[in-house]
K.L.:
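Structure below; questions to follow.
Order of the sequence lines fixes the chain letters, A, B, ..., with proteins taken first and strands second; residue numbering starts at 1 for each chain.
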Amino acid sequence: MRSGIFLAGLFIAALFYPLIFPNLLSIAIYFLLLAGWATSWDILGGWAGQVSLGHAAFVGVGSYALAILAGRYGIAPWWGALAGMALSAALAWVWGLVTFRLRGPYFTLSTIAIAEILRLVAIEEAWLTQGAEGIFIFSLKSPFGFDLFDRQVEYYTALLYLAAVVGLVAWLARGKLGYQMRAVREDENSSQAAGIDPTRIKLIAFMLSGALTALGGAIYGVYLSYLEPHDIFFLPLSVQIALTAIIGGRGTPFGPLAGAFLLVVAAEVFRNAFAEANLLIYGVLIVLVVIFLPRGLIGSWQHRAVRRRYARSARG
Amino acid sequence: MHAALEAEGIVVQFGGLVAVNDITLSLDEGEIFGLIGPNGAGKTTLFNALTGYAPMRRGKVSLFGEDITQLPAFVRARLGIGRTFQIERPFEELTVLENVLIPAFLHRARRSDAERVAWDALEQAGIADRAHQPSADLNLARRRRLELAKALSLKPKVLFLDELMAGLNPPALAEMIGFVRTLTKSGLAVLMVEHIMKAVVELCDHVMVLASGERIAEGSPEQVTNDPKVIEAYLGDSDEPGDR
Amino acid sequence: MRRLAGTFFVVLFSFGVAQDTLNIGIITSFTGRFAEFGAQHRAGFEVALAEINANGGVQGRQVELVIEDDTSSQQTALAAAEKLLSRDVPIIMGAYSSSITNPLAQYFTRQEFPFLVFTSSADSITSPGSDWVFRINQPAATYAEILFDVFGILEATESLESIAVVHGNGTFENAVAAAAESLSEARGYELVEIQSYDQGLTDFRPILNRFKAKSPDIVFMVSYSADAVAIMRQVKETGLSAKVFVGAAAGFALPEFLEGAQEVAEYVITATAWTKDVNFEGAGELYAALMEARGKEPTYHAAQAYAGLLTVADALNRAESLDPETIQRALAETDLRTSYGPIRFTDFNGYRNQNPVKMVAEQVQDGAFVTVFTQEGVVNPILCPVPAWESR
Amino acid sequence: METAVALLQNISGGILIGGVYALVGTGLSLIFGVMRVINFAHGEFLAVGMYLALVGHAAFGLEPYLAMLLVAPLGFFVAFSIERLVLSRLVDSPEQSTLLATLGLALILSNALLLLFGAEPKTMYVSYATATVNLGRVTLSIPLLLAGFVATMIILALYLFLTKTEPGRAVRATAENRLGAELVGINTLAVHSVVFGLGSLIAMAAGFVLMPLLFAIPTVGAGFTLKAFVVTVLGGMGSISGAIGGGLVLGLAEVLGASYLSTGYRDAYGLIAFLAVLLLRPEGLFGRTIKRV
């Protein structure tokens, strides 16, 4: 409850950000999108326990769907984004059907393989994607007279996106699906004994996760307004998305958000203090988190908070 | 009128090894059926075959006359087969209440409804006072109760208990025995794998003895415990029947 | 990862007195995978800046550069662009990679702010282009064009009929290969193979063996430096012989190519944007100055940065005020002679605000690059046909 | 006739490249077999090997094959220490923790190389870089043959170590059953460190033999990590002999795919084979049945 109020406060504060920092919108947009992607990733990776290192593929599908539909057929960007989400959900469904027989690290490896194959497809199938030449988003229909290429509009779109994804996950976490996903993550056999079909739950999680990542991808596409397979279907982007959620705390509604904040701020600090060494420090940070905060920032805090609360109630 | 659970000619094979050979059993509403035998006799494997966790080579399982042989474990759970695991497996990252909430959601999509079912199950299993404790921190006796509460919140018609009593101290054992007895009052059928003979003798209406996957004896607890074949089977194995 | 870290930092160069200075914004890569090219750019900027300020600066004010590192990332470059716009710079220059310059060009077009491109070569930057984007360097297609011009010359003595193309699958390599494909058709060469490869590929033998089976007269390669060395080594290893070997991209024109490939680099003809031997006044002096600033062999990227900054200073000097429209008009009217070549912006062949400067071809002869063909024609003899590997 | 020669040429090319892949995969497979760790930093150790070869060559004029022997103890020590410092703390953590830790290590290693050597590709010139030998009408690269020879020697040495020596038996015992090994008095934590050191050293050796052929960039490792995964999954995770077969299959799939289909999809052929094996024959093409699903 308290965290809900805290987040509502954050959201309201975020509404005023462009007024205070009108020239620091790009980095804020990237933060919002990264947080949104990590939260979406976490539906599969944290709540349902299937670590994917292939989510850049959904960023790609979302952004490319919007770009191709808008560029070739003049379809409005919101329909393009929706199409990207639908396509991503379909992709996740097939992807999951094929790979969910694999568990743990084998599933993770298979996600890398599939995302890499998709990258090659995006490069080679130029009739569809314009291949390595890349694809531009020159003009888009304006909803209610808003120019979607305006950084302020993009900022608020990204903010809405993040709020929607975090809100959805927080809501899911309290309900049936949220608990079923956690049950599957903890123990597939026990979850079957509770009447849960693990494959179905994982598929739902994957489809939701993919579709929401694609929605963020569509916003990212408009923000870049130029897409190129090497930079979008990019393994390090997949890794970045996963690490953001993991460092923040998997399977917590606000962990990925905290992770994105830490990483963007840390990157900012490191680049000033360490310049060339910033990614090295980043690697050290990951190792330290894994060793000392195995549940991530929010996860470790929450883990202790639950115990503290119980201890207090047991005494009182 | 069909029996609650019927199994005919169950065969389970792992590679060349026959783990369960041609077992037939039947269980009525309100009945407690005991499955005993030395270690490695195939009890848990039979259990897993009936609940859908181990693939069957041959045989047929039906629940209230409905053939469930081909159904996966989670569908059997939805149809009314509840079970506990020999090595209890709470969802460790969750609290006790949340653990029980998960099966409770099966028939109730709304959280408030599911919570009511979960609280009932917790009360029934006697660990409602621990509802908000992280389940990883429970001691053995309470973990067993949690297992039971999870199975109960499914509202099962047939309950499979896999060595629920093992390792409990005498007071906890007595409590658990009393508790299982109350379950059948409402017509629940119980199938239990058990090593603790005290529990078997006090609870079971009917007992089947397995050794090396074969049925070697069947009958009331008294009949079975006096059967020379059974005694031999246990002596051949160092694992003796009796209170441990 | 590096490019996603979302970071940028400001490097302030101040030369001379910093009173009432004029700032020029620059975005390029000092870290990340394009860092080497950013270092080349820096050398060019230093030389140009010293020259500009020694000549009295711009509009009587000394010039200062506000340089943002884009960490070789699109996202960081966009953040840097936004930041520069708020720093009161009248014009911005950038970046190295086309994949970064493309979104920047889009952004500045939307912001209606003058943007000068000096290295990125993708055709798409000025084709279709916009009123706000100007480019002094040659677009990707011209890398192929100059080499096809060389083929035309060579046909006086050799019969060249078939061509096989191998190219990396990046934006730039792809564009050059596409140009080679259409030029083959337009100028009547038979394209017997065109094969792309993924970045990080290390075994080119299957491709080269495929080529060998077709015995093309011309082997046309488009690669970055690391691949260029590996390809030529494996060309020798597989015994692929042809009358002409050409390398149509950065990789074959860098000093690292000579160092790494050594004797197998011999006879390779490459397209390059600039050499010290071009027939523009002061090219030799520029080369020496860049050499000193870089501390090692400068590449054409340094010369491009140099010429870019001169172009900007020239336009600012002619502009009456510093508002974007005025500067844009001044840029459009540029007519400048530099040691990089003449600079003016015209619309042709679908390009817009593109400097029509020609490429240069050089050939590796006795372990060194020799400029063989410029817009003036053949300046040094071109060795052709390349002897077969057995007889070298 | 021409097509037959071309086919032979391609097959031998695939086998030679496959030998290098096998070497890379062997190290990963050894580490997985004993430690159950999927090492995402494996390719980075190969990159470290490349730069070590480069430094040895530039500073002391050492042949890479000789330099390999000289710096092997150093390489082993680096990997050994990393295991001690990081992975040994995670023995009882969920496998995802070790996976993440190795991702972090990969970042650290590749960026350390970036800081030390810069982003531009480095090549090493040796006179025999393009030397070949002809077998009938088939041409074979001498550095690749040497790489294959070194790979064979290393794999043979590893095999002998594992089967004929006392420490080797301790390693195998740990791989079979860690608890059991502990019970008979084996310090399995020490075994883990040694195995990680050895496995990474093998990756570095692959870097050494590749250096005369290729170029080093700080990010070269990631691609090889992926290749190593493919090799070990094809051959069966944890199986040394499987890694040899897996390497050869991958080499052949890539070269034949690139020769007779499209080269742009070259990497996809290996990945598709990888997925197919993962899904249809999870124990690997050559392995005995081990359950991994």
K.L.:
In Å and rounded to the nearest 0.5 Å, what is the CD to CZ distance from Gln192(A) to Arg78(B)?
P.N.:
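With rounding to 0.5 Å, CD (Gln192(A)) is 9.5 Å from CZ (Arg78(B)).
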
K.L.:
Please rank Leu177(A), Val306(A), Asp187(A) by heavy-atom pairs under 4.5 Å with chain B and give me the top one.
P.N.:
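The residue among Leu177(A), Val306(A), Asp187(A) with the greatest pair count is Asp187(A).
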
K.L.:
Answer yes or no: does atom CG of Leu17(B) have more than 12 heavy-atom neighbours from other residues, nucleotides or ligands under 6.0 Å?
P.N.:
yes

K.L.:
Quick check: does any side chain N or O of Tyr179(A) sit under 3.5 Å from a backbone N or O of Pro103(B), one acting as donor and the other as acceptor?
P.N.:
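No: the side chain of Tyr179(A) does not pair with the backbone of Pro103(B).
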
K.L.:
So, applying side-chain contact (heavy atoms from CB on, under 4.5 Å) with Glu93(B), which one of Gln302(A), Glu186(A), Arg182(A) is it?
P.N.:
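The passing option is Glu186(A).
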
K.L.:
In terms of heavy-atom proximity below 4.5 Å to chain A, should Thr95(B) be classed as side chain, backbone, both, or neither?
P.N.:
side chain

K.L.:
I'd like to verify something: which residue of Glu92(B), Glu98(B), Arg108(B) has the highest number of heavy-atom pairs under 4.5 Å with chain A?
P.N.:
Glu98(B)

K.L.:
Sort Tyr53(B) into side chain, backbone, both or neither according to what part of it lies under 4.5 angstrom from a heavy atom of chain A.
P.N.:
side chain

K.L.:
Should we count CZ of Phe11(A) as having more than 12 external heavy atoms under 6.0 Å?
P.N.:
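Above 12, so yes.
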
K.L.:
Counting neighbours of CZ on Arg200(A) that are heavy atoms of other residues, nucleotides or ligands and sit closer than 6.0 Å, is the number greater than 12?
P.N.:
no

K.L.:
With a 4.5 angstrom heavy-atom cut-off, is it the side chain or the backbone of Leu154(B) that approaches chain A, or both, or neither?
P.N.:
side chain

K.L.:
Got a second to check how far Lys176(A)'s NZ is from Leu106(B)'s CG, nearest 0.5 Å?
P.N.:
6.5 Å

K.L.:
Sort Ala73(B) into side chain, backbone, both or neither according to what part of it lies under 4.5 angstrom from a heavy atom of chain A.
P.N.:
both

K.L.:
When heavy-atom pairs shorter than 4.5 Å are enumerated against chain A, which of Leu79(B), Ile102(B), Thr84(B) gives the highest number?
P.N.:
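Most pairs with chain A among the choices: Ile102(B).
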
K.L.:
Provide the closest heavy-atom pair for Ala77(B) versus Ala194(A) in the form atom of the first, atom of the second, distance.
P.N.:
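Scanning both residues completely, I find the closest heavy atoms to be CB-C, 4.5 Å.
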
K.L.:
Which answer fits Leu94(B), side chain, backbone, both or neither, if we ask what part of it has an atom under 4.5 Å from a heavy atom of chain A?
P.N.:
side chain

K.L.:
Distance check, rounded to the nearest 0.5 Å: Asn48(B) atom CG versus Asn189(A) atom CG?
P.N.:
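So the CG of Asn48(B) and the CG of Asn189(A) are separated by 8.0 Å.
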
K.L.:
How close do Arg307(A) and Asp137(B) get, counting heavy atoms only, and between which atoms?
P.N.:
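In terms of heavy atoms, the two residues are closest at NH2-OD1, 2.8 Å.
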
K.L.:
Using a 6.0 Å cut-off, check whether atom CH2 of Trp119(B) has over 12 heavy atoms from anything other than its own residue.
P.N.:
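Yes, enclosed.
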
K.L.:
How long is the span from the CZ atom in Phe74(B) to the OG1 atom in Thr199(A), to the nearest 0.5 Å?
P.N.:
7.0 Å

K.L.:
Is it the backbone or the side chain of Arg174(A) that comes under 4.5 Å from a heavy atom of chain B, or both, or neither?
P.N.:
both

K.L.:
Working to the nearest 0.5 angstrom, can you tell me the gap between Glu147(B) CD and Ser190(A) OG?
P.N.:
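Answer for the CD-OG pair, Glu147(B) versus Ser190(A), is 6.0 Å.
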
K.L.:
Treating Arg111(B) as the side-chain partner and Gly175(A) as the backbone partner, does any N or O pair qualify as donor plus acceptor under 3.5 Å?
P.N.:
no

K.L.:
Just verifying a value: how many Å separate Tyr310(A) OH and Gln133(B) CD, rounded to the nearest 0.5 Å?
P.N.:
4.0 Å

